[in-house]
Each structure stands twice: as C-alpha cells, then as structure tokens.
Amino acid sequence: MTDQTQTKAIPTAKATQTTLTDQASGGTKAHQMAEHQREISVAEFFEKNRHLLGFDNKRKALLTTIKEAVDNSLDACEEARILPEISVEIIDMQNDRFRIVVEDNGPGIVKKQIPKIFAKLLYGSKFDKLSQTRGQQGIGISAAALYGQLTTGKPIRITSRISPKHESHYYELHIDTKTNQPEIVKEDTISWKKDHGTRLELDLEGTYIKGSQSVDAYLKECAIVNPHATFIYTNPKAEQLIFARVANELPPEPKEIKPHPYGVELGRLIKMMQYTESRTLQSFLTTDFSRVGPGTAKEICEEAKILTNTKPEDISRDQTERIFQAIQKVKIIAPPTDCLSPIGEESLVKGLKKEINAEFYAAVSRPPSVYRGNPFIIECGIAYGGDQPQEESVRLMRFANRVPLQFQQAGCASTKAVIATAWRAYGLQQSRSALPVGPATVIVHMASVWVPFTSEAKEAIAHYPEIIKELRLALQECGRQLASYTLKKRRLTDELQKRGYIEKYLPHIGIALKGLLGLNDAKKGEIEENLKVILEQKRGKLKEIGAENAEYDASFAKIGEESEEAGDAFVEGEADEPDEAEEDEKGKGAKGKGKKRKKQEDEENLGDEGEL
Amino acid sequence: MAKEKPKPVDHDQKPVAAMTVVQKIKDLAQGVFEKIIDKKAPYLEMPLRSLQNVKYDAHIGYFEAIGKMKGRTLTASTVKTFAQTLLMMNESKKLVESDDIATKREMYYISKNWADARFLDQPESDTVMDDFEAMLSVNREQIGFVPEEKGGAVAGKLVVIDKDTDTGKELRIDCTKFGSGAYSVPTSVEHLKFETDAKFVLAIETSGMFQRMVKHNYWKKANCILIAMGGVPTRACRRFIRRLSDEKDIPVYVFSDGDPYGYLNIYRTLKVGSGNAAHINKYFCVPKAKFLGVTPQDIIDYKLPTHPLKEIDIKRVKDGMKNDPFVQHYKEWRKALDQMVSMKKRAEQQAFAAHHLNYVMDVYLPEKLKDQKTWLP
C-alpha cells in the first residue's frame, strides 16, 4: 500500500486537534478546568468517532477496510503505470474476528515511509493535490489499522518491496493513539516471491455479509469499472473468485490540475494566498490557478480594485474577499478537461460483459462538462436481459472516480437522474418516482477532480444542476440504444410467436381440406409441407437469431483467466452495438440476416394490410 | 377461392339447393387446395360486411350489396382464422350432406374437437360463421346453421300451413286459436304456406304491447295479424313477414318505440335489411313495410310522457345521417330524426298507458290507421 492520500476526509478532526492547550495553573475554576484541557490526537478522536470514517458497525468496518486497501493499491498501480493485480483474502478467525490480507503488484513503498503511511493518521502526499484519484473515500488505511488495533489489539503487518534489487521489508505496527505516531512492534527483512508490491495483513472485528453492501458486491463492481485490473478474491468460506482483467491497457493517467478560480471557496483562497510562492498578486493568480492568463488576472485585480503587483502576504482578509467576489464577476474560460480519465465506452462495455450475463450492453461517455469550476465527466452503462430478474427494480451501480458507492443510494444525484429518466420509452417498466423495473443493470460513473459528496460519509453525489443534466443526457443516450434493442427483441418475440402459430394451425388446414375434398393422406401431407414452405418463405430465415447469448459463462465471470468475450459478435449483430474489431464471420452473418428479415417483415406488413 | 368474385345467388327468392351449397363449398376448398399445390399463398374472399358496402334504391326496396370485397390471405397472423374457416366449412358440408342442422351455439361446441384451432368463445365462432355465410352468399340456414333465438310471436287472422316432421302430413295452424298465447315463428320458414283474409300485418316491437293486444283480441277488431318482433327482428321473423307480405299481398305496418333504436335498428332492418348481412338482404327484408309509429310528431300530438335522449341515441342518429343510405334516401326520416334530436326526447310504446291502459287500441291505432299522412316511409 502506497500513498496515504485519504486525508481530506476529516476536517472535523483537524478542528478538534487545535483545542485549548494551557499549562498555566492557578486557583480559579478556569485553572481547575485547564488541568483537564489537553490536545486531543486525531487517533484519539477517531477512537471515539469511528462512525464518521466508515467504521460505524462491524459489517461496514470489514468493507471499509478492504475498500481503503484496494483503492490505495489501484491508485498506486495506476500512478506507477502497472496493470493492477490485487488479491484480497478474508479469513474467518471465529467470534466475529477476521484476518484481511490484501496484496498488490504495485510499486512498493520505500522503507522509511512504511510506518508513517500505515500507522499515522493524516499522513499523505496529496492533501492539496487536485486530480482524479480514488482517494475520496474517507480516512486512509491507517484508520483501518487503528480500528483493527482497537478491536483485536493486534498490529498491522506490512510487507513491501520496491524492486528485485531491493530487499523486502516486513513491519508490524501499532499506532500510539495519544501521539498519533507509529510504534514499530517488529521490523525485519524477509524473502518474498514478489519483485515489487505491497502486502498488508490486518485483524479486525467484523461481520461478513452478502448483498449489495457487501465486500463481494464491492469487488464485483470494482471489476466492472476497472476492466484493466485483476482481482483474486478469497471469501471467508475459502472460495476463490477471480475477476479477470479484460483490458490490457491502463486508463490514461489523470493529470493534476490547478484549481479553477470558480471552484475555489473563500477559505481556500485565503489559505492559498498564505502559502503561495508567488511574489505578486498577478503571478499568484496566473500560476496557482488554471485558465488565468495575465489578461484575466488584470481584470480580476481591476474588479477587486487591488494593484496587480501587490504582494500576496500583504493582502488583507477583506481584500481577499474582494478578489473572491471579483472572480465571480470576471469571465474565465472553463477548466481544461484532459485531467480527467474516464473509463470509456468500450472498457465499460467490456467490464459489464465479463461480470453480468446479459443480452445487450451499451455504454455512453459524455463529453467533459464543468460545475463550479470543476471539470467532470459522466458515464453510464447498461446491461439488459439475460438471467437478471424480470420483476425487480433494475440494479443501480453508482461510482465516483471508479470507486463503487454502496451506501445512501436514495440521496444520490445519480439515483435521482435515473428515476427522472423516462424508461418506459426504452422498454423498461417504471412507476412514478421510482427506479425502473426490468432485467437490467444500470451503471453511473462520475469522474472528476473533485466529486461533490453530500456528506462527510462520501457515499452520495450532491445534486448540482450541471451534474444532473449530464447524468440525464447520458442515461437518455444509453436508453435510446437500449430501446432499439428492446424493440427488436419484442419484434423477435412476436415473430417467434407467429411461427408458433404457424406450427400450431397449419395441420388443421390439412385436416379441413382433407375432409372437404376427400383427399388422401399423401395429399394432406403435401398440403402441409407446401404451406410450411409458403409461410416460411414469406417470413425469411431467422431461426438462428433467436439463440441464446453464448458469451457469458458463469464460470468465466468468477474463475478462469481466459474470460474473453467469446462469441459476443452474435449479440452485437442483433443489437447494433459498436463492435470490436475481432467480429467474426458468424457475427456478420447474423447482422445480414437481421437486415434481411426486417425487409421481409416490412413486406409482410404491407401484405397484411389488405385484411381486417 | 378462385379469383372471380362470388356472384350473387341467382335463385330468385328460393334457397339454394342443398347440392349446390355443397358444390359451392367444394369449389372454395378446391380453389384453396390448388393455390397450395401451386405453392402460392391461398386466400379467401368475402363481401365486406358493413353499411359501406350497401346502397339503397327505393325501386329495389332493400339494401343491395355493391360488391366491395375483403380478402383473407393466409399469413402467420391469419393462419388461425383461416384454419377455422376451412374447418367450419367442413362441418357445414357434413351438415348439409346429412340434412342436419346445428345452432350457432352447437357449432361453437363442435369446434371443441379441433384441438388448438377451437374457438375460445362464441362471438369468435359467430364471426367466422358470418364470414363464411357471406363468402357463399347464402343464408346461414342453407349451410346448416340455425340461430338460437325465436323468430317472433304471431296471433290473429292467419292460418299457417306446416308439415308434420314425422309423417310429412300437412298441418294447419290457426293463429286465432292460441287464446292468450301465440304461434311461434320457426327458425326456418321457407316451407310454410299461408291462408289469410286479414287487412294488414302489425309488426310490434315489444312483447308487452303484443300481449295487451292479444289479451283484448285487437286482431279481431282491426281484422289483422299481430306479430311481436321482440327487438330487432330475427332473420326468420323478417323472412316470415316478407313471405306473408309477398304471397298474400298484404300491407305491413310497424309499431315501435319512438326512439332512434326503434327507427334505425328495428324498422330499418326489417324494411331494407342490414349492412352486416348484405348478401341476404334480398330475402330478409320487407320493402313494403311502413312505419306507423311512434313518430316524433306523435310524441307531441299525443302528449306522451318522455325520457331524455341518451348519448348513445344521439350518436346513433348522427351515424345514421352520415352512413345509412336508407336515411339519406328519405328526407321524411331525416326530418323526423332532426326533430327528435332537437326535442331531446324519446317515448316508449307503452307510454300511452299514461292516458289509460287501452288508449293505444281505442284511440291511437285507429286514428293512425285512418291517417297515413302521419306515417313515415
């Protein structure tokens, strides 16, 4: 486990840290009280407020711990441009105790950083960095370590290696809750089969559950939106599931960007002003922000009535507020969007295909948009049909920066947008203000340098109009693709029904004519044969089109590394979905037939018009 | 079904002979058979059964089909009905060949032997039957199917000559001798003969009014034949009146409720036939019938208690004005219907009871019979 970046989560903790510190002694009540007043460490704060950080109960604690570890591993691998291969193991130690082992093939961590990263809260490198990383889940892995320590008394065990040339280091760490300092229980150099990577072992109190808020669901969802990663998961029943990689390219590395002036709040502006290295206000504006050139900077200064060459440290709080207000009035171009790394339509479809057995897949990646100066991209995907339940609400999977959001579904902007979309037009059922019903999984992903969460818990996306709008556009686009499939499917069902009709009733024509004309059985047989020919000529050949989706194999989705999209060409032929290059002859054949059938059907309809 | 349209049957008013019916059925089947052997989609053609396919000419006296056809080509969506039509043809052929009959309801039950092709309910079976009947341009009795309903009740100065079904001996039925009851019109009337010296036939819409007149032997006083139609007259009832009217050259007067249903459904169907069975209107109409009452003017003249016109009544009038060639032909009727719509009122036959129970026989009918100018054509 590498960078310790999850520290933005707890301003509350920071605030508490700076409590009254007074050594003075005297006889007053205040003095007496002062004796009890002391600095509270973040670790101590955490001890009492673990619910703020995702450790409210035993089952959430298990999930949060794995989430922190996996998210860190993914971030580290991607930053180091390594295709992630992460193994997660949960071992049932009885009496609600579990041992969690997470191992990655990441870049490793240099020796002297290991204790601080895993055993000191609020230690990390990206505190003020603005880039699209997963690190918005709450407190980092050290919180998990602390939780484990509090519930089992056992230290966290770390093994890490940075290259074959370096040794593997092994640590056992405690956190000193009074001082928030790592306490090294054991330190060793060991031999390890991995060339590079990090392994973490942690005991904690937890509850293992199934369902949408489980570790299993988390890993499956992770696998969908991270098709470039392989997850090897061993659950407490010692069953191993493999979510194999299907994309062999890493997503483009998200670039770090400077904040856009529109997205900066007053408090942050004041702080930036304090810490800037720029000498003048103008250079502060141009270097510390994106999209501010000398011209724009001058405009802001004029608007705020402050000289451009004023030294930042000389600017008062009031002046800062004037600058803040000036920024809102000046027109500044939207922030750059190349800092975003969306999953991409193709990868999203691949991810869906390997994890969900459906008949039709579609994904939409919207062009970048901006809310309050923060660029973002909305993506959504849908997997329809297959063995998904017909009569239940669709399964909604929400993601922010590739991290599954498993809680507070009702309060999330994604949910709101899905509900507000008119799914009936796309072939799903839907009652008013409810999720659509039908055999489908809907995926909604927001990628942004700063995902606006509704609360400290960081489990639901806030309702910004710009975000809602993009969400709806993406869902509608996806929905339209779905509609073209559901329509075809309905037509196919009708067609099959009609064919059933033919089979059912043709013999009766033979029987009737036999009776009417006194035919022999041979003639009767001939009639039936001919009728079959007549009717089937008219209907065209499409029997093969009705076949099942052969692509998904339950065992593929769970085990087996060769989980390629075998045979998906067929479905795509039916679904008019953008195809992978490796579409084979069979797929083309199916497509051709589909078109032919359509034409024939049209003719058929013309023919049918004549009658009542 | 061969390509040429089925020609209207040319047997003046007599039914098509049994053998001819069988031959026609076989011809149809042969047409279908040959198409199939040729590997072409077979089709059946039949006259369109609606008011769109009739015209009215006062000289001819009934709704005449104008030859609009609809075809039923064998396709996946018609295969069931197609099979059912052929199966029914087969049953019909058996019935005619064995000189048997089946009621519409019985036909529906016969279909239960057809496995998947069976009818799910009787309306489905009736529609196929009506199509088949129209296809052959015959009356359904001729293809072996008879309706369930009674043909109507008769009382008065008429002797009906029927045959004993066992002995074949002539039976003379005197319709004056039913006391407070009545003679019931059989489902098939072609073989009947009549003797009468009555001055006219009074066709009455409701059985209630008929009962009153029978009870008081109104036919004796007025020297007439009373027939209760019981709503829209059945084919048998229409045919019965028609033959009476033709063979005994006796006028037919209609006495119905004063409402659009009485005018446009009961009277119009009796006089000129219907759009639904245009191919047989020729036989099942009474062109000489005249409408005695209750006219909209009667409602005013006799100060009858009324009911307001219903939505559906107004709609019926509008439809009639727009689509019914009979209404379009007679401006008297258009005037009467307009009058009714503007009054927004309708009156029943029995409304005369408001004056006194026998007012209808003592005052209304005698007055009306004297003054044909108050009638409608």
Side-chain angles (χ1 to χ4, degrees), chain A residues 490-543 546 597-598 600-612, chain B residues 22-46 48-50 69-97 111 113-119 127-128 130-132:
Chain A
R490 202 176 305 151
R491 260 197 232 132
L492 187 69
T493 315
D494 288 355
E495 177 60 28
L496 289 174
Q497 199 183 349
K498 280 185 180 170
R499 274 164 192 264
Y501 260 56
I502 295 173
E503 302 255 313
K504 220 173 179 181
Y505 299 119
L506 276 194
H508 292 285
I509 296 182
I511 294 168
L513 286 176
K514 185 188 168 192
L516 282 163
L517 299 171
L519 304 175
N520 56 27
D521 282 343
K523 278 279 175 207
K524 177 174 168 263
E526 190 184 343
I527 286 175
E528 282 171 29
E529 277 311 302
N530 282 6
L531 281 171
K532 238 174 241 173
V533 173
I534 292 164
L535 287 173
E536 250 145 60
Q537 261 174 3
K538 290 193 97 189
R539 307 215 70 77
K541 289 175 192 160
L542 83 164
K543 273 180 181 161
R597 186 188 116 231
K598 172 103 170 53
Q600 263 151 353
E601 248 181 17
D602 290 344
E603 281 164 9
E604 179 72 23
N605 290 340
L606 283 176
D608 280 356
E609 256 168 37
E611 67 196 299
L612 270 187
Chain B
V22 171
Q23 197 50 50
K24 279 165 76 82
I25 293 174
K26 279 185 170 176
D27 287 351
L28 276 176
Q30 187 67 29
V32 169
F33 174 70
E34 278 164 18
K35 277 271 174 193
I36 296 171
I37 294 298
D38 273 3
K39 298 193 176 167
K40 298 216 172 82
Y43 62 89
L44 293 166
E45 215 175 22
M46 63 208 83
L48 185 64
R49 294 188 289 111
S50 85
M69 305 293 280
K70 67 172 181 178
R72 178 174 291 152
T73 308
L74 180 64
T75 65
S77 35
T78 60
V79 63
K80 185 179 181 188
T81 328
F82 205 93
Q84 286 172 331
T85 311
L86 289 173
L87 285 165
M88 192 184 276
M89 279 164 66
N90 192 26
E91 296 302 332
S92 155
K93 176 172 156 272
K94 286 192 234 161
L95 286 173
V96 178
E97 279 173 346
S111 85
N113 294 318
W114 300 347
D116 288 334
R118 68 182 175 275
F119 295 115
T127 309
V128 170
D130 289 349
D131 282 345
F132 169 40

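Since the structure is predicted, the reported quantities are computational estimates derived from the model, not experimental observations. Labels below follow one simple rule: chain letters A, B, ... track the order of the sequence lines, proteins then strands, and each chain is numbered from 1.
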Quiz item: For L516(A), is it the side chain, the backbone, both or neither that has a heavy atom under 4.5 Å from a heavy atom of chain B?
Solution: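 Both parts, backbone and side chain.
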
Practice problem: Please look at K94(B) and chain A and tell me whether the side chain, the backbone, both or neither of the residue comes under 4.5 angstrom of a heavy atom of that chain. | Solution: neither

Quiz item: Checking K80(B) against chain A: side chain, backbone, both or neither under 4.5 Å from a heavy atom?
Solution: both

Quiz item: Do D131(B) and K70(B) sit within salt-bridge range, that is, some charged N less than 4.0 Å from a carboxylate O?
Solution: yes

Exercise. Look at D116(B), V79(B), T81(B), L86(B) and state which one has the largest set of heavy-atom pairs under 4.5 Å with chain A.
Key: D116(B)

Quiz item: According to the ring-ring contact (aromatic ring centres under 6.0 Å, His included) rule, which pairs have a member within residues 502-537 of chain A, sequence neighbours left out?
Solution: Y501(A)-Y505(A)

Practice problem: Could you tell me which non-hydrogen atom of L513(A) sits nearest to which non-hydrogen atom of F33(B), and how far apart they are? | Solution: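 It is CD1-CA, 4.4 Å.
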
Which donor-acceptor pairs under 3.5 Å do side chains of residues 520-528 of chain A form with protein atoms, sequence neighbours excluded?
{"unit_1": "N520(A)", "atom_1": "OD1", "unit_2": "A522(A)", "atom_2": "N", "d": "3.4"}
{"unit_1": "N520(A)", "atom_1": "OD1", "unit_2": "K523(A)", "atom_2": "N", "d": "2.8"}
{"unit_1": "D521(A)", "atom_1": "OD1", "unit_2": "K514(A)", "atom_2": "NZ", "d": "3.0"}

